[in-house]
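In what follows, every chain begins at residue 1, and chains take the letters A, B, ... in the order their sequences are listed. Excluded from the calculations below are hydrogen atoms, water molecules and symmetry mates; all remaining heavy atoms, backbone and side chain alike, are included. Just so it is clear, the model here is predicted, and its values are computed rather than measured.
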Amino acid sequence: MPELPDVEAFRGILASCAQGRRIRRTEVYDAGVLHGVSAGRLRRELTGRRFAEPERRGKWLLARTDGPTVLLHFGMTGELVCATPAEPVHAHDRVVFTVTGGRQLRYRDQRKLQGLWLVDEAGLDRMLRDQGPDAATLTRQGLGAVLAGRRGSLKSVLMDQSALAGLGNLLVDEILWRARLHPARRAGALSADEHGRLYTELRRTLRSAVRAGRVPPRGSWLTGRRDDPGASCPRCGTALCRKRLAGRGTVWCPDCQPDGTAGGET
DNA sequence: GCATATGTTATGAA
DNA sequence: TTTCATAACATATG
């Protein structure tokens with residue numbers, strides 16, 4: 001689930017569920033999601049604290065309090081759920097904060113690839129030091145700086161959180177498909193027109209996805225088709241290509257996204 | 001058993 | 001130095 005739009009939605013959930021409320025209880029059902037902090041210390045340091053306005057940076061969610069900050073990363077399967085204490089604990093609820101006002105904020109994650117960190121300001125800086133500029137506030141010039149001099153593929157550079165923070169596998173494929181750019185194109189070798197298309201579609205795609213709270217699996221989006229058997233391009237109907245690129249399953253339309261070499265490929 | 005899955009990081013090789 | 005693929009992490013599904 002979690003790319004920038006999903007984490008943005010989790011930020012909204014945290015804000016409406018817990019901002020301004022005090023933490024009454026902290027229950028850790030699986031300490032395997034805690035990083036650099038024990039369940040006991042998490043409970044001691046957070047109980048009685050009040051959640052402040054949360055922030056998002058790339059795929060990280062900063063749950064600020066009037067004390068330390070809880071840093072959350074959702075890996076591939078994590079989510080943040082607002083519930084009531086009456087609702088039974090879900091099998092994948094790993095940490096549950098009960099706040100004043102009868103609500104619970106639940107960190108739910110099946111695979112536990114990432115988790116929670118408890119940090120002060122210095123720790124926060126250390127953790128997020130290597131993040132690139134946030135994709136949601138990227139300027140055209142900012143994109144130029146991200147791509148300039150990069151010899152790697154568009155796919156790998158746009159996925160690289162230290163180059164540009166927030167985009168994941170689905171979003172990058174979606175944006176490149178809309179911009180009609182082949183994922184294996186060299187990032188630093190775009191024409192002015194291609195650069196403009198990439199920037200426009202990056203902004204447009206992110207705006208829609210953030211509004212939807214996810215990368216919407218609509219039929220008019222690549223994301224809505226990519227997992228269909230015999231998937232075809234929503235724009236031209238050509239059979240989609242699929243290959244491992246930059247370590248991830250990558251989907252593109254060979255007709256809309258020419259690879260720049262004569263003859264194309266499959 | 002095999003391959004796949006929206007993420008990150010360490011490692012070794014070009 | 002940069003970039004790539006790969007394995008690892010933990011779990012579920014087809």
Side-chain angles (χ1 to χ4, degrees), chain A residues 1-11 29-36 56-61 71-81 90-95 107-117 126-132 134-136 145-177 183-189 202 205-206 208-210 212-218 221-231 240-252:
Chain A
M1 221 192 268
E3 300 182 58
L4 187 156
D6 308 270
V7 180
E8 190 59 29
F10 301 152
R11 191 183 63 76
Y29 291 95
D30 188 335
V33 299
L34 300 184
H35 297 266
R56 180 194 57 75
R57 294 198 204 163
K59 298 174 188 172
W60 289 93
L61 183 60
L71 252 183
L72 303 102
H73 197 293
F74 299 92
M76 288 174 90
T77 52
E79 59 183 321
L80 206 55
V81 176
H90 187 278
H92 300 137
D93 283 342
R94 311 299 185 182
V95 178
Y107 178 82
R108 183 174 296 176
D109 185 23
Q110 175 194 109
R111 285 171 68 182
K112 300 186 285 183
L113 289 172
Q114 297 292 324
L116 285 72
W117 286 252
R126 214 175 313 122
M127 291 286 297
L128 303 181
R129 185 174 43 195
D130 292 334
Q131 293 279 297
D134 192 273
V146 166
L147 300 179
R150 307 283 304 231
R151 284 168 297 151
S153 65
L154 281 172
K155 173 82 177 191
S156 61
V157 172
L158 296 176
M159 291 267 297
D160 181 349
Q161 301 301 298
S162 68
L164 179 63
L167 304 185
N169 198 37
L170 295 184
L171 269 174
V172 169
D173 283 5
E174 188 72 45
I175 291 163
L176 292 176
W177 172 72
R185 288 282 306 279
R186 300 299 101 184
L202 188 152
T205 307
L206 263 183
S208 299
V210 166
R214 62 189 297 196
V215 188
R218 295 180 196 135
W221 288 48
L222 185 70
T223 302
R225 302 282 192 90
R226 59 183 295 154
D227 295 326
D228 297 349
L240 295 172
C241 287
R242 173 181 302 272
K243 184 185 180 183
R244 252 186 142 66
L245 236 172
R248 310 302 305 276
T250 302
V251 175
W252 74 95

Using modelled atom types and a 3.5 Å cut-off, is there a donor and acceptor pairing between side-chain atoms of [X] and backbone atoms of [Y]?
X: E8(A); Y: K59(A); result: no
X: R56(A); Y: P5(A); result: no
X: S162(A); Y: D160(A); result: no
X: Q161(A); Y: G166(A); result: yes
X: E3(A); Y: L171(A); result: yes

Euclidean distance, atom [atom1] of residue [X] to atom [atom2] of [N] [Å, nearest integer]:
X: Q161(A); N: dT6(B); atom1: CD; atom2: P; result: 14 Å
X: M76(A); N: dT9(B); atom1: CE; atom2: P; result: 14 Å
X: H35(A); N: dG7(B); atom1: NE2; atom2: P; result: 16 Å
X: F10(A); N: dG7(B); atom1: CZ; atom2: P; result: 12 Å
X: E3(A); N: dT6(B); atom1: CD; atom2: P; result: 9 Å
X: D130(A); N: dG7(B); atom1: CG; atom2: C1'; result: 16 Å
X: D109(A); N: dG7(B); atom1: CG; atom2: P; result: 13 Å
X: L113(A); N: dT4(B); atom1: CG; atom2: P; result: 17 Å

Span of DNA chain C in contact with chain A (heavy atoms, under 4.0 Å):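 Contact boundaries, 5' end first: dT2(C) to dA12(C).
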Taking the nucleotide of DNA chain C with the closest heavy atom to each, which residue, G247(A) or R151(A), is nearer the 5' end?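 Here R151(A) is the residue nearer the 5' end.
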With a 4.0 Å cut-off on heavy atoms, is T223(A) in touch with a base, just the backbone sugar-phosphate, or nothing at all?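 Touches nothing.
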Where does the angle between the aromatic ring planes of W117(A) and H35(A) fall among parallel (under 30°), tilted (30 to 60°) and perpendicular (over 60°)?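 Aromatic pair W117(A)/H35(A) classed parallel.
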What interatomic distance, in whole Å, is found between C1' of dT6(B) and the corresponding atom of dT3(C)?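 Comparing C1' positions in dT3(C) and dT6(B) gives a spacing of 24 Å.
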Using Watson-Crick or G-U wobble geometry with both distances below 3.5 Å, tell me the partner of dC4(C), or none.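 dC4(C) is paired with dG12(B).
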Out of dA5(B), dT8(B), dT6(B), which has the shortest distance to the side chain of R242(A)?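 Side chain of R242(A) sits closest to dA5(B).
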dT6(B), OP1 or OP2 - any side-chain N/O from R248(A) closer than 4.0 Å?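 Answer yes for this pair, as a side-chain N or O of R248(A) is under 4.0 Å from OP1 or OP2.
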Could you walk me through whether V215(A) and W221(A) pass the side chain to side chain contact (heavy atoms under 4.5 Å, CB included) check? CA-CA 9 Å; V215(A) 188; W221(A) 288 48; 4.1 Å; yes
